Amino acid sequence: MNLRTLLGERLQAALRDAGAADAPPIVGPATRPEFGDYQANGALAAAKRLGMKPRDLAAQVVEAADLSGIAARSEVTGPGFISLTIDDDFLSEALADGRLEPAGNGERVVVDYSHPNLAKEMQVHHLRSTIIGDAVARVLDALGYDVLRQNHVGDWGTGFGRLVAHLNDIGEDSEALGDLERFYTEASERFANDAAFADRARQVVVDLQGGDPATLERWQRYIDISMSHCQAVYDRLGVGLNPEHVRGESAYNDDLDGIVEDLQAKGLLSESDGALCAFLPEFKGKDGKIVPIIVRKSDGGYLYHSTDLAAVRYRTGTLRAKRVLYVVDARQSLHFKQLFALAKRAAYDAGASLEHHPFGMMLGNDGRPFKTREGSGTRLLDFLDEATVRARRLVEAKNPELDAKEMDRVARAVGIGAVKYADLSKNRTGDYVFDWDAMMSFEGNTAPYLQYAYARIQSLFQRGQVDAAALTGKPTIRAAEEHALALQIARFQETLEQVATTVMPHHLCTYLYDLAAAFMRFYERCPVLDSEFRDDRLLLCRHTAATLSRGLNLLGIETVDRM
RNA sequence: GCGCCCGUAGCUCAACUGGACAGAGCAUCGGCCUUCUAAGCCGGCGGUUGAAGGUUCGAGUCCUUCCGGGCGCGCCA
C-alpha cells in the first residue's frame, strides 16, 4: 500500500472540489516532527492561481478531504501547508497486511548492467554497474515489473585476436588461463614485441570475422573461461546474474549488416573519410562541426554504436521492453545520447523509454581512482577478498564465540554488504570516495548498522523463546516511538516505487537507515520481553525485522542472526 | 575551444525533484551499561549550500554569468 499516493488521491479530490482541478497536492514526508507525519504543499501554489488566500484554500481542502480512517489529525499550518498525522489503527492494519503492491503491473523492463570486458578479469570499476544494476533489477522485480537482466559482455573486437593467438600457442589447457590478468598481459607484450605473433593475431581477427570454425571454437573457449571467472565474482558478490542473462556483443554480429542497410535506406547515413556515419545536427563538437556516429569503419569493421543499435532493436522489438535501463559509467553519456537519438530516428526504440543511468568513479582517499592496497592492481576478486578479511577481523574482535562456519558466513555478509552499501547509499551521479576505514568503522549509515539492528531483533526472539512466524494480528500502538516505527515500516512501498522511478537505490538505503534508527530508539525506550504490551511490541519487532531483511535483500545484502 | 557532470559543516554524504528553521554519520566535547547485543541511545559544538545576479509567495534545487574540480569530444569499448 502506497500511503503517499493514497493521501495524494484524497487531497486531490478535495482540491478539485475547491475549484483547483488540476493542482497537484504535493504530498511528502513532513519536514519536522511538529508538522505530523506527512505534509501537503499543493494548496500554496493552487491558491496563487485561484487568487485565494493559501490558508483559506488549505482550510477548505482539510475540511473537504475524506481522510477518515487514515489521518488522525489534519490541520493547516504555516502559510498554507497541510499537516497530516496518520491514524495508529490505520498503521496497525497496514502492518498486519504487509504485502507489496504490484505497482509495476507486469510491464517489461530490460536492465543492462555489469557488462564486463571478457578480455580481462573483472576489475574494481565493474563493481558499480554490477551492484547498482542488481539492486535496481531486484526492486523492479519486487514491484511486479517483468524484469529482463541483460549482461552485454564485451566478447568481440580486435583485442581478442592476440588472446586467441596466444591461446593457440600455449595450448588451451594451460595453467596460465587460471590468471587471465597475466594471460592478457603476456599476449599484449608479445603483440607489441613479436612481429610474427602480431601478424598471426591480426590473421585471427580476420578469421574470427570471417567465421572460421576452428578460430571461433578457440575464441569460444577463451570466452567460456573468462565467463567462468565472472561467474565466480557474481557468486562471491551474491548478485543474481548467471549465464542466462548474457547476451554479449558477439550475439549481434549477424544483425550488423542489416542495421547498416536499414539506416542507409532511411537516409540516415553518409560517407566520411571512408567510414559510414550518421551526422545528427544536435551533436556539435569542436569548431561547431557535428560529432559523427560512426556505424561502420573505413575498413568495413563495426563499432559499439552498431552493436548497441542492434541491441536496442532486439530489446524493444524481440523482447518487447517498454523501458530499457542502461546502468553504465557516466563517461558514456555522449555515446548514449547519440545512440538513443539515432535509434529514435530509425524507429528502433519502438516507443520504449531508453534511459542511461550514469554513475561516477570510485575514488580512493587521495581523490584519485581507487586502487587496492600496495598497488596490487584492481582485480575485483582481490578487492572482495580484502573486504571479507577486514570484516572477519572486526567480527572476531567483537564476537569471538562464533564458530568457524558461522564466522565465515558473518564475515561474508558483513564484508560484502559493507562494500555494496557504501556504494549503493550514494546518490551522486558523480564520483564517490571509497574509504576502507570509514566503511569498516561500522558506524552510522552502513550495512553493518542495519545488519546489527536485524541481529538484535533475532536475539530478542531467541532470548524470549519467541516463534516470530507465529506472531500474527494487529499490534496496538501506544508510545510515540511505536508510532514512528510503524509509520516508517508503512513507507516501504512508496520508497520502492521511488527507487523504480528514479533508478536510484540510495533512497532505499536512506529508508532502511531511518528504519533501523527508528527501531533503535524504540528498543531503547520500550522494553519488549518484560512489558505488559509484550505481544504488541513483538509484532512491531517482527515487522521491523521482516522489512529490514527484505529491504537489504533488495540491495543484495544478506542478514545474519548473530554478529 | 565546445559539451556533460559535480561543488552543501573540518571529513564522508542526505535533503523524496520548488516548500516551513538545510539534516545524518565521522571527528570533537558531555551524559547513559547489575535489565532484551554499548557495532547502541541522548545531548552540545559545527553552515552566507563555490561567487554574483535573476525568476518565484517561497531557491541547495530553476535561469544567466563567473570561479574551482572531474569527464568526454571520428574510425577502442
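Letters A, B, ... are given to chains in the order of the sequence lines, protein chains preceding strands, and every chain is numbered from 1. Quick caveat: nothing in here was measured; it's all calculated off a predicted structure.
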Colleague: Counting just side-chain N and O atoms, does A/Arg32 come under 4.0 Å of either OP1 or OP2 of B/G23?
Modeller: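 A/Arg32 to B/G23 OP1/OP2: side-chain N or O found under 4.0 Å.
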
Colleague: Should A/Arg521 be listed as having a side-chain N or O under 4.0 Å from OP1 or OP2 of B/C42?
Modeller: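 The answer is yes; a side-chain N or O of A/Arg521 sits under 4.0 Å from OP1 or OP2.
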
Colleague: Within the structure shown, what part of the strands sits under 4.0 Å from A/Gln332 by heavy-atom distance: base, sugar-phosphate, or nothing?
Modeller: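 Base contact.
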
Colleague: Kindly point out which of B/C16, B/U37, B/C36 is positioned nearest to the side chain of A/Arg456?
Modeller: B/U37

Colleague: Please determine, by modelled atom types, if A/Glu101 and A/Asn2 share a side-chain donor-acceptor pair under 3.5 angstrom.
Modeller: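 Not at all, the side chains of A/Glu101 and A/Asn2 share no donor-acceptor pair under 3.5 Å.
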
Colleague: Rounding to an integer number of angstrom, what distance separates B/G1 and B/C66 when you compare their P atoms?
Modeller: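 To the nearest whole Å, 11 Å.
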
Colleague: By the 4.0 Å heavy-atom rule, please label A/Ala453 as base, sugar-phosphate, or nothing.
Modeller: nothing

Colleague: Ignoring backbone atoms, establish whether A/Tyr432 has a side-chain N or O less than 4.0 Å from OP1 or OP2 of B/G7.
Modeller: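 No, outside the criterion.
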
Colleague: Would you mind classifying the nucleic acid contact of A/Leu529 as base, sugar-phosphate or nothing, using non-hydrogen atoms under 4.0 angstrom?
Modeller: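 Base contact.
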
Colleague: Is the distance from OP1 or OP2 of B/G7 to the nearest side-chain N or O of A/Arg428 less than 4.0 Å?
Modeller: yes

Colleague: Which nucleotide wins on minimum distance to the side chain of A/Gln39, given the candidates B/A39, B/U12, B/A20?
Modeller: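 My answer, after comparing the listed nucleotides, is B/A20.
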
Colleague: With respect to the phosphate group of B/C16, does any side-chain polar atom (N or O) of A/His506 fall under 4.0 Å of OP1 or OP2?
Modeller: no

Colleague: Would you call the rings of A/His335 and A/His305 parallel, tilted or perpendicular, where under 30° means parallel and over 60° means perpendicular?
Modeller: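 Tilted, since the angle between the ring planes falls between 30° and 60°.
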
Colleague: A/Tyr523 side chain N/O closer than 4.0 Å to the phosphate oxygens (OP1, OP2) of B/U37?
Modeller: yes

Colleague: When you measure from the side chain of A/Ala455, which nucleotide among B/U37, B/C36, B/G74 comes out closest?
Modeller: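 For A/Ala455, the side-chain atoms sit closest to B/U37.
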
Colleague: For A/Gln338 and A/Leu280, which heavy atoms make the closest approach, and how far apart are they?
Modeller: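 It is O-CD1, 4.4 Å.
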
Colleague: Evaluate the ring planes of A/Phe434 and A/Trp436, with Trp represented by its six-membered ring, and classify them as parallel (under 30°), tilted (30 to 60°) or perpendicular (over 60°).
Modeller: perpendicular

Colleague: Of the candidate nucleotides B/U12, B/C71, B/C26, which contains the atom at the shortest distance from the side chain of A/Met361?
Modeller: B/C71

Colleague: With C1' as the reference atom in both, quote the distance from B/C6 to B/U49 in angstrom, rounded to an integer.
Modeller: 14 Å

Colleague: Rounding to a whole Å, what distance do you find between A/Glu282:CD and B/C4:P?
Modeller: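 About 13 Å, once rounded to whole Å.
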
Colleague: Within less than 4.0 Å of OP1 or OP2 of B/U37, is there a side-chain N or O belonging to A/Arg463?
Modeller: yes

Colleague: Which nucleotide in the set B/U56, B/G70, B/C36 lies at the smallest distance from any side-chain heavy atom of A/Asp431?
Modeller: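 Nearest to the side-chain atoms of A/Asp431, counting from C-beta on, is B/G70.
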
Colleague: Check this for me: does any side-chain nitrogen of one of A/Asp437 and A/Arg390 sit under 4.0 Å from a carboxylate oxygen of the other?
Modeller: yes

Colleague: When you compare the ring of A/Tyr449 with the six-membered ring of B/A39's base, are the centres less than 5.5 Å apart and the planes under 30° from each other?
Modeller: no

Colleague: I need the NE2-C1' distance between A/His356 and B/C71, as an integer number of Å.
Modeller: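 A/His356 atom NE2 is separated from B/C71 atom C1' by 12 Å.
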
Colleague: With the side chain of A/Lys426 defined as its heavy atoms from C-beta on, choose the nearest nucleotide among B/U12, B/G40, B/C71.
Modeller: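 From the listed options, B/U12 comes nearest.
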
Colleague: Which part of the nucleic acid, if any, lies within reach of A/Asn117 when heavy atoms closer than 4.0 Å are counted: base, sugar-phosphate only, or nothing?
Modeller: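 Answer is nothing: A/Asn117 stays at 4.0 Å or more from every strand.
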
Colleague: How would RNA chain B look in dot-bracket form, 5' to 3', counting Watson-Crick and G-U wobble pairs with both distances under 3.5 Å and writing | for bases paired to another strand?
Modeller: (((((((..((((.....[...)))).(((((.......))))).....(((((..]....))))))))))))....

Colleague: Compute whether any side-chain donor of one residue and acceptor of the other, for A/Asp329 and A/His125, lie under 3.5 angstrom apart.
Modeller: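 The criterion, which ignores hydrogens and geometry beyond distance, is not satisfied for A/His125 and A/Asp329.
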
Colleague: Please check the phosphate of B/A15 (OP1 and OP2 only) for any side-chain N or O of A/Asn427 closer than 4.0 Å.
Modeller: yes

Colleague: So A/Thr77, base contact, sugar-phosphate only, or nothing? Heavy-atom distance under 4.0 Å.
Modeller: base

Colleague: Is the shortest side-chain N/O distance from A/Ser459 to OP1 or OP2 of B/U37 below 4.0 Å?
Modeller: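 A/Ser459 to B/U37 OP1/OP2: side-chain N or O found under 4.0 Å.
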
Colleague: Remember a base hit wins even if backbone is also touched, and classify A/Ile26 as base, sugar-phosphate or nothing at under 4.0 Å, heavy atoms.
Modeller: nothing

Colleague: Would you say A/Tyr184 has more than 12 foreign heavy atoms packed within less than 6.0 Å of its OH?
Modeller: no

Colleague: Answer with base, sugar-phosphate or nothing: what part of the nucleic acid does A/Cys541 contact at a heavy-atom distance below 4.0 Å?
Modeller: nothing

Colleague: Report yes or no: does A/Ser226 contribute a side-chain atom to a donor-acceptor pair with the main-chain N or O of A/Leu118 at less than 3.5 Å?
Modeller: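 Confirmed, A/Ser226 side chain pairs with A/Leu118 backbone.
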
Colleague: Look at the side chain of A/Thr429 and decide which nucleotide, out of B/G19, B/C5, B/C75, has an atom nearest to it.
Modeller: B/C5

Colleague: Report yes or no: is there a donor-acceptor pair, N or O only, under 3.5 Å between the side chain of A/Tyr304 and the base of B/A77?
Modeller: yes

Colleague: Using a cut-off of 4.0 Å on non-hydrogen atoms, how would the nucleic acid contact of A/Val433 be classed: base, sugar-phosphate, or nothing?
Modeller: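 If one applies the 4.0 Å heavy-atom cut-off, A/Val433 turns out to touch the sugar-phosphate alone, with no base involved.
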
Colleague: Could you tell me whether a side-chain N or O of A/Glu494 sits under 3.5 Å from a main-chain N or O of A/Phe492, the two making a donor and an acceptor?
Modeller: no

Colleague: Parallel, tilted or perpendicular for A/Phe340 and A/Phe336, by the 30°/60° rule?
Modeller: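 Geometry flag for A/Phe336 against A/Phe340: tilted rings.
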
Colleague: Contact class for A/Ser83 (heavy atom, under 4.0 Å): base, sugar-phosphate, or nothing?
Modeller: base

Colleague: Please determine whether a side-chain nitrogen of the Lys or Arg among A/Arg478 and A/Glu482 lies less than 4.0 Å from a carboxylate oxygen of the Asp or Glu.
Modeller: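 No salt bridge links A/Arg478 with A/Glu482.
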
Colleague: Tell me what A/Thr307 touches on the nucleic acid: a base, only sugar-phosphate, or nothing, going by heavy atoms under 4.0 Å.
Modeller: nothing

Colleague: With distance as the sole criterion, do the side chain of A/Thr31 and the base of B/A22 form a donor-acceptor contact below 3.5 Å?
Modeller: no

Colleague: Tell me which of A/Arg4 and A/Ala275 sits closer to the 5' end of RNA chain B, going by the nucleotide each one is nearest to.
Modeller: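 Checking each residue's closest nucleotide, the 5'-ward one belongs to A/Arg4.
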
Colleague: Output the single nucleotide from B/C75, B/A38, B/C71 whose closest atom is nearest the side chain of A/Tyr452.
Modeller: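 Nucleotide nearest to A/Tyr452's side chain: B/A38.
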
Colleague: Pick one for B/C33: is it syn, with its angle within 90° of 0, or anti?
Modeller: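 For B/C33, whose glycosidic angle is within 90° of 0, the conformation is syn.
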
Colleague: Starting from the 5' end of RNA chain B, give me the residue, A/Asn445 or A/Val414, whose nearest nucleotide shows up first.
Modeller: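 First, find each residue's nearest nucleotide; the 5'-ward one identifies A/Asn445.
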
Colleague: Quick check on the 6.0 Å ring-centre criterion: do A/Tyr513 and A/Tyr449 meet it?
Modeller: yes

Colleague: Is B/U17 in the syn range, within 90° of 0, or in the anti range?
Modeller: syn

Colleague: Name the nucleic acid region contacted by A/Asp561, choosing base, sugar-phosphate or nothing; use a 4.0 angstrom heavy-atom cut-off, strictly under.
Modeller: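 The answer is base, as A/Asp561 lies within the cut-off (heavy atoms under 4.0 Å) of a base atom.
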
Colleague: Given B/C76, is OP1 or OP2 found less than 4.0 Å from the side-chain N or O atoms of A/Lys297?
Modeller: yes

Colleague: So which nucleotide from B/C13, B/C41, B/C16 ends up closest to the side chain of A/Glu524?
Modeller: B/C41

Colleague: Identify whether any heavy atom of A/Thr502 sits under 4.0 Å from a base atom; if not, whether one sits that close to sugar-phosphate; answer base, sugar-phosphate or nothing.
Modeller: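 Base, at least one base heavy atom under 4.0 Å.
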
Colleague: With respect to the side chain of A/Phe81, which nucleotide from B/C41, B/A20, B/G40 is positioned closest?
Modeller: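 Closest nucleotide to the A/Phe81 side chain: B/A20.
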
Colleague: Pick the P atom in B/U61 and in B/A15, then give their distance to the nearest Å.
Modeller: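 Between the two P atoms, the distance is 14 Å.
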
